[in-house]
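Numbers restart at 1 for each chain; the letters A, B, ... are given by sequence-line order, proteins then strands. What's counted below: heavy atoms across the whole structure, side chains too, no hydrogens, waters or symmetry copies.
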Amino acid sequence: MQYWLFKSEPETFGIDTLCAKPKQTEHWDGVRNYQARNMLRDEIKVGDKAFFYHSNCTPPGIVGIVEIVKAGYPDPSAQNPESKYYDPKSTPENPRWFMVDVRFVKKFKKMITLSELKQHPLLENMVVLRRGSRLSITPVTKEEWSAILSL
DNA sequence: GCCAACGTTGGC
DNA sequence: GCCAACGTTGGC
């Protein structure tokens, strides 16, 4: 079992949006970055857990936990001309973009802010905290996961 | 709204 | 294959 961190803008899709979905489950679509795509397609498995991170908001930070309930499969929004995630170079025969399904696990009573994460000595190498890190999906080590949960 | 950092595109 | 121009992300 592995751990991850999924970023999303709460304006677009926040943890409360997920909570309100049927079965509190939703597909994590719209990822259009090859590195993140590879993780979605090849590495993220059913039963893995991920922090739900709110980005591009004040303040940014981790707001809860989700669990992977379906491993990587083609993201149909890439084939939908109406979607802002449409990519004409992706075809059903040769899908370029992938997604997973996530289920709500919990929402923290109090968000763990980015600045709190940055202050923690055990988290100094965390991928999401690296300078210029823009990946919307990043791996989290077991040690980092535990350290964050104990905050 | 600014802008640093990074990714992508496309001409050559 | 190089690299300039452009686009995007996301903290501040």
Side-chain angles (χ1 to χ4, degrees), chain A residues 2-21 26-44 48-68 71-141 143-151:
Chain A
Q2 288 186 276
Y3 299 105
W4 307 93
L5 181 143
F6 284 25
K7 277 189 204 170
S8 182
E9 301 187 9
E11 291 271 315
T12 310
F13 184 83
I15 194 159
D16 294 327
T17 325
L18 175 63
C19 237
K21 293 288 172 189
E26 183 62 299
H27 39 264
W28 198 274
D29 64 359
V31 173
R32 295 294 179 268
N33 169 284
Y34 287 104
Q35 249 182 292
R37 187 280 309 270
N38 292 346
M39 290 188 266
L40 286 170
R41 188 188 57 192
D42 307 328
E43 296 183 46
I44 301 178
D48 285 2
K49 293 206 172 71
F51 286 126
F52 197 126
Y53 179 97
H54 281 178
S55 67
N56 226 334
C57 57
T58 311
I62 296 171
V63 291
I65 295 175
V66 299
E67 181 179 355
I68 311 305
Y73 62 107
D75 178 350
S77 68
Q79 253 86 249
N80 175 10
E82 306 294 312
S83 170
K84 68 168 174 170
Y85 302 124
Y86 179 57
D87 180 357
K89 292 176 191 150
S90 185
T91 63
E93 297 74 33
N94 196 4
R96 176 175 295 204
W97 304 114
F98 284 71
M99 63 185 189
V100 298
D101 288 357
V102 302
R103 182 171 61 213
F104 174 81
V105 173
K106 72 182 291 186
K107 180 178 173 179
F108 297 147
K109 290 197 186 77
K110 199 170 145 296
M111 157 195 258
I112 300 167
T113 63
L114 175 61
S115 81
E116 292 175 281
L117 296 174
K118 283 179 174 169
Q119 286 167 28
H120 198 302
L122 286 181
L123 302 179
E124 61 182 359
N125 292 319
M126 199 172 165
V127 177
V128 74
L129 300 184
R130 286 182 195 157
R131 211 168 76 110
S133 165
R134 288 171 26 184
L135 274 181
S136 63
I137 291 176
T138 50
V140 174
T141 67
E143 291 71 26
E144 290 161 351
W145 183 269
S146 309
I148 290 167
L149 286 184
S150 69
L151 283 174

(message) What is the distance, to the nearest angstrom, from the NE2 atom on A:H54 to the C1' atom on C:dC12?
(response) 19 Å
(message) Rounding to an integer number of Å, can you tell me how far A:E9 CD sits from C:dG10 C1'?
(response) 8 Å
(message) Donor-acceptor pair, distance only, cut-off 3.5 Å: does the side chain of A:S83 make one with the backbone of A:N80?
(response) no
(request) Mind telling me whether A:W145 and A:F51 have parallel, tilted or perpendicular rings, with 30° and 60° as the class edges? (result) parallel
(message) Reading DNA chain B from 5' onward, which residue's closest nucleotide shows up sooner: A:R32 or A:N56?
(response) A:N56
(request) Compare side-chain N and O positions of A:Y53 against OP1 and OP2 of C:dG11 and report whether any pair is under 4.0 Å apart. (result) yes
(request) Would you kindly give the NZ-to-P distance between A:K118 and C:dG10, to the nearest whole Å? (result) 13 Å
(request) Scan side-chain atoms only and decide if A:R32 and A:S77 contain a donor-acceptor pair under the 3.5 Å cut-off. (result) yes
(request) Report the distance from atom CZ of A:R134 to atom P of B:dG7, rounded to the nearest whole Å. (result) 7 Å
(request) Starting from P on B:dG7, measure out to CZ on A:R37 and report it in whole angstrom. (result) 15 Å
(request) Fit a plane to each ring of A:F52 and A:F13, take the angle between them on a 0 to 90° scale, and name the class: parallel (under 30°), tilted (30 to 60°) or perpendicular (over 60°). (result) parallel
(request) Send over the distance from A:E11 CD to C:dG10 C1', rounded to a whole Å. (result) 14 Å
(message) If I take atom NZ in residue A:K84 and atom P in nucleotide C:dT8, what distance separates them, rounded to the nearest angstrom?
(response) 11 Å
(message) Tell me whether the side-chain N/O atoms of A:K7 come closer than 4.0 Å to OP1 or OP2 in C:dT9.
(response) no
(request) Would you mind telling me which residue lines up with the more 5' stretch of DNA chain B, A:R96 or A:R131, judged by nearest nucleotide? (result) A:R131
(request) Take atom CD1 of A:I62 and atom P of C:dG11, then tell me their distance rounded to the nearest Å. (result) 12 Å
